[in-house]
Amino acid sequence: MKKYDYMDGVMVYYLPKELDHYSAEKIKKGSEDIFSDKEVRYLIFDFDKTVFMDSSGIGLLTGRYRKVHDKGGSVFVINVPLPTKICQELHAPHENKKIL
């Protein structure tokens, strides 16, 4: 399964069914060259296949968010399951976030 794509400043992470420590490390190491060699202006996390995420997955998302946001870029989350959307909204209802 493809883990990410990069084209013209846009990076899309296709998150796996289980986003745990093992898969988060694979994704992070596999995409590190892009973050060091290219400018990522837009980062998209696609949760289409994801049914489980532990704290390592959250760490991957927040770490990548900081890398892009600190350089003035934007982060998007797509295909998020409804329970995750509800939890996100309850956690930080006033935060500026883009969940599609």
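- Between the OH atom of Tyr6 and the CG atom of Asp37 there is a distance of 10.0 Å, given to the nearest 0.5 Å.
- Contact annotation: the side chain of Lys3 approaches that of Lys26 to within less than 4.5 Å [non-hydrogen atoms, C-beta and beyond].
- Side-chain atoms of Tyr13 and Ser31 form a donor-acceptor pair, as typed in the model, at a separation below 3.5 Å.
- A side-chain donor-acceptor contact under 3.5 Å links Tyr14 and Asp5.
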Exercise for the section: Before giving the answer on side chain to side chain contact (heavy atoms under 4.5 Å, CB included), spell out for Leu19 and Leu61 the whole-Å C-alpha distance, their side-chain angles and the decisive distance to 0.1 Å. Expected result: CA-CA 10 Å; Leu19 186 53; Leu61 272 62; 3.9 Å; yes

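- For the side-chain hydrogen bond (donor to acceptor under 3.5 Å, both in side chains) test, residues two or more places apart in sequence or in another chain that qualify with Ser23 are Asp20.
- The NZ atom of Lys29 lies 5.5 Å from the CD atom of Glu25; values are rounded to the nearest 0.5 Å.
- Cluster annotation: Tyr4 is connected to Ile58 through the hydrophobic network of ILVMFWY side chains, with a link wherever side-chain heavy atoms come within less than 4.5 Å.
- Using a distance-only test at 3.5 Å, with no hydrogens or angles considered, a donor-acceptor pair links the side chain of Thr50 to the main chain of Pro16.
- Closest non-hydrogen pair, Lys49 versus Leu15, comes out as CB-O, 3.9 Å.
- Under the 30°/60° scheme for interplanar angles, the aromatic rings of Tyr42 and Phe76 are found to be tilted.
- Inter-residue side-chain proximity for Met11 and Arg64 is flagged as unmet; no heavy-atom pair is nearer than 4.5 Å.
- Between Glu32 and Lys38, no side-chain nitrogen of the basic residue sits less than 4.0 Å from a carboxylate oxygen of the acidic one, so the salt-bridge criterion is not met.
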Practice task
Applying side chain to side chain contact (heavy atoms under 4.5 Å, CB included), run through Phe35 and Val40 and close with a yes or a no.
Solution key: CA-CA 7 Å; Phe35 276 94; Val40 179; 4.1 Å; yes

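- Connection of Ile27 to Tyr22 is not established within any shared hydrophobic cluster, with ILVMFWY side chains joined at heavy-atom distances below 4.5 Å, either directly or through further cluster members.
- In this structure, Ile34 is a member of the same hydrophobic cluster as Leu60, with clusters built from ILVMFWY side-chain heavy atoms closer than 4.5 Å.
- Shortest non-hydrogen contact noted between Met53 and Phe47 is SD-CE2, 4.1 Å.
- Residues Asp8 and Arg41 share a closest heavy-atom pair of O-NH2, 2.9 Å.
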